[in-house]
There are 2 protein chains.
Amino acid sequence: MAHHRSDVLAHAVALLDAHGLAALTMRRLGAELGVQPSAIYHHFPSKQALLAAVADEILARGARPRTAAAWPDRLREVCSELRHAMLGCTDGADVVATVWAFGLGAAAPVVELEKVLTDADVPAELVPVASRALVHYVFGHAFEEQTARQAVSLGAVDRSLESLPDFDLGLDLVVDGLRARLAGS
Amino acid sequence: MAHHRSDVLAHAVALLDAHGLAALTMRRLGAELGVQPSAIYHHFPSKQALLAAVADEILARGARPRTAAAWPDRLREVCSELRHAMLGCTDGADVVATVWAFGLGAAAPVVELEKVLTDADVPAELVPVASRALVHYVFGHAFEEQTARQAVSLGAVDRSLESLPDFDLGLDLVVDGLRARLAGS
DNA sequence: ACCTGAACACCGTTCAAGT
DNA sequence: ACCTGAACACCGTTCAAGT
């Protein structure tokens, strides 16, 4: 039977979540779909394009309602959603951060952060810097957490995970820095 | 003629810098050394172990003298050195961040940041959070900058690089957040 | 100590051809 | 529109054997 782009994408996300990025292979994905590897190229021009769609799907699945009113809380809401969306899928942080850095997708969180900052009357020249500083922190934190957990479970390293720093506290450091800058202007 | 571990490592770094992570292959590295791929396993137990050594070497080559006295400047000095060390080698940010997250190496910058923070009488429970927030920012920023540059030069995407945010300004956001927290205690 | 040679179990991508 | 089958040019890793 014939598949659609959405079928291929759904199976790709399922494969990623079940067995990690190393297992998300055009050949394994083909096998999962009962199809030759080359058939996937009818739906996606390259593996990179497939991964970009996977990254967007991971973010879409992590969407949550917005409730906060004050801008610091709105920033925390967006960052927290981004973090949980990535942690919700095996190797999610790696995939999303890479796709975003390549400029191929996963841009929604940054766009939303920029909107929140603009709404908060943050000076225009500070908006891109601040929004990027926030996502750099979120990506870095989630990537470390996810990778360290895998390293331990693979037995590659005997690292204590208790000392993994608190996400919210570090985030507040950036938010507070921004707040201090606003108060001073 | 026989090679030493240091020869293999030097050729690995040269290969990475010249052609990127995708080209740093056990087979290509063997060819570069005039040796069978399997010979490399005499010097490194796995490619992961080789990459860990490469990451440490990238950091070692980027070492600079320390001159700052005040703790905010000392933090900036360490972060700036880390950033330039990674940007100084093709795919350096990717390699260093991944090795560090796996807990296999590249730990020196975090250790040094923790020392600076401790010297500055930052509360002990804040030291690991703050040092990690700083490296998460530096890794995220450098990875984006390096990856975006590659994407553009590969023609994979037509993204303006002018809007790449200023590194120091974003870093000051985190430092200021830390400063605000100290003043409040 | 350092390396060869061969094998095993894989990759992404292309492309003519089929339905 | 969606897929097959075969090919091309690769991967990391293991292991017995050589010097």
Side-chain angles (χ1 to χ4, degrees), chain A residues 1-16 18-55 90-91 94-95 98-99 102 104-105 147 150-151 154-157, chain B residues 1-16 18-55 90-91 94-95 98-99 102 104-105 147 150-151 154-157:
Chain A
M1 66 307 198
H3 298 97
H4 294 122
R5 202 188 117 105
S6 56
D7 299 319
V8 179
L9 180 55
H11 274 87
V13 175
L15 191 50
L16 178 68
H19 300 104
L21 187 52
L24 180 42
T25 273
M26 300 304 257
R27 299 177 111 98
R28 273 191 79 157
L29 181 54
E32 213 84 19
L33 290 159
V35 122
Q36 293 289 325
S38 53
I40 299 166
Y41 289 84
H42 188 80
H43 303 280
F44 295 93
S46 66
K47 189 178 178 180
Q48 212 172 32
L50 173 66
L51 284 174
V54 167
T90 310
D91 288 326
D94 194 345
V95 172
T98 303
V99 165
F102 258 97
L104 295 174
T147 304
Q150 253 177 265
L154 287 174
V157 96
Chain B
M1 67 305 198
H3 298 96
H4 292 123
R5 202 189 118 104
S6 57
D7 299 319
V8 180
L9 180 55
H11 274 88
V13 175
L15 191 52
L16 178 68
H19 301 104
L21 187 53
L24 180 42
T25 272
M26 300 304 257
R27 299 177 112 98
R28 274 191 77 158
L29 182 54
E32 213 84 20
L33 291 160
V35 122
Q36 293 289 325
S38 53
I40 299 167
Y41 289 85
H42 188 78
H43 303 281
F44 295 92
S46 67
K47 188 176 180 183
Q48 213 172 31
L50 173 65
L51 284 174
V54 166
T90 309
D91 288 325
D94 195 345
V95 172
T98 303
V99 165
F102 258 96
L104 295 174
T147 304
Q150 254 176 264
L154 288 173
V157 97

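To find a chain, count down the sequence lines: A is the first, B the second, and so on, and within it residues start at 1.
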Measure from [atom1] on [X] to [atom2] on [N] and round the result to the nearest Å.
X       : N      : atom1 : atom2 : value
B/Arg28 : D/dG12 : CZ    : C1'   : 16 Å
B/Ile40 : D/dT14 : CD1   : C1'   : 14 Å
A/His42 : C/dT14 : NE2   : P     : 15 Å
B/Tyr41 : D/dG12 : OH    : C1'   : 4 Å
A/Lys47 : C/dT14 : NZ    : C1'   : 17 Å
A/Phe44 : C/dT14 : CZ    : C1'   : 19 Å
A/Leu51 : C/dG12 : CG    : C1'   : 12 Å

Item to check | Chi angles and distances behind the side chain to side chain contact (heavy atoms under 4.5 Å, CB included) call for A/Leu9, A/His43 | outcome: CA-CA 9 Å; A/Leu9 180 55; A/His43 303 280; over 6 Å; no
Item to check | Euclidean distance, A/His11 NE2 relative to A/Leu33 CG, rounded to 0.5 Å | outcome: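 Interatomic distance, A/Leu33 CG to A/His11 NE2, rounded to 0.5 Å: 5.0 Å.
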Checklist entry - Rounded to the nearest 0.5 Å, how far does CG of B/Leu24 lie from CG of B/Asp91? => result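 Reported value, rounded in 0.5 Å steps: 9.5 Å.
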Under a 3.5 Å limit for both distances, which nucleotide forms a Watson-Crick or G-U wobble pair with [N], could you say?
N      : answer
C/dC8  : D/dG12
D/dA17 : none
C/dC3  : none

Proximity to the side chain of [X] - top-ranked nucleotide from [options]:
X       : options               : result
A/Ser38 : D/dA6, C/dG12, D/dC2  : D/dA6
B/Met26 : D/dT13, C/dT13, C/dC3 : D/dT13
B/Ala2  : D/dA7, C/dT4, C/dC2   : C/dC2
A/Pro37 : C/dC3, D/dC11, C/dT13 : C/dT13

Item to check | Gap in Å between the two P atoms, one belonging to C/dA17 and one to D/dC2, rounded | outcome: 22 Å
Checklist entry - In whole Å, what separates the C1' atom of C/dC3 from that of D/dA16? => result 13 Å
Looking at [N], I'd like to know if its phosphate oxygens (OP1 or OP2) sit under 4.0 Å from a side-chain N or O belonging to [X].
X       : N      : result
B/His43 : C/dA1  : no
A/Gln36 : D/dC3  : no
A/Thr25 : C/dG12 : yes
A/His3  : D/dC3  : yes

Next on the checklist: Is there a side chain to side chain contact (heavy atoms under 4.5 Å, CB included) between B/Val8 and B/His42? Walk through the geometry before answering.
Outcome noted: CA-CA 10 Å; B/Val8 180; B/His42 188 78; over 6 Å; no
Item to check | B/Leu29, B/Leu51, B/Leu21 screened by side chain to side chain contact (heavy atoms under 4.5 Å, CB included) with B/Leu16, the one that passes | outcome: B/Leu21
Checklist entry - Contact class for A/Arg5 vs. all strands (heavy atom < 4.0 Å): base, sugar-phosphate, or nothing? => result nothing
Item to check | Side chains of A/Thr147 and A/Asp94 in contact at under 4.5 Å (non-hydrogen atoms) | outcome: no
Next on the checklist: For A/Arg27 and B/Arg27, find the nucleotide of DNA chain C closest to each by heavy atoms; which residue's nucleotide sits nearer the 5' end?
Outcome noted: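 Looking at DNA chain C, the more 5' nearest nucleotide goes with B/Arg27.
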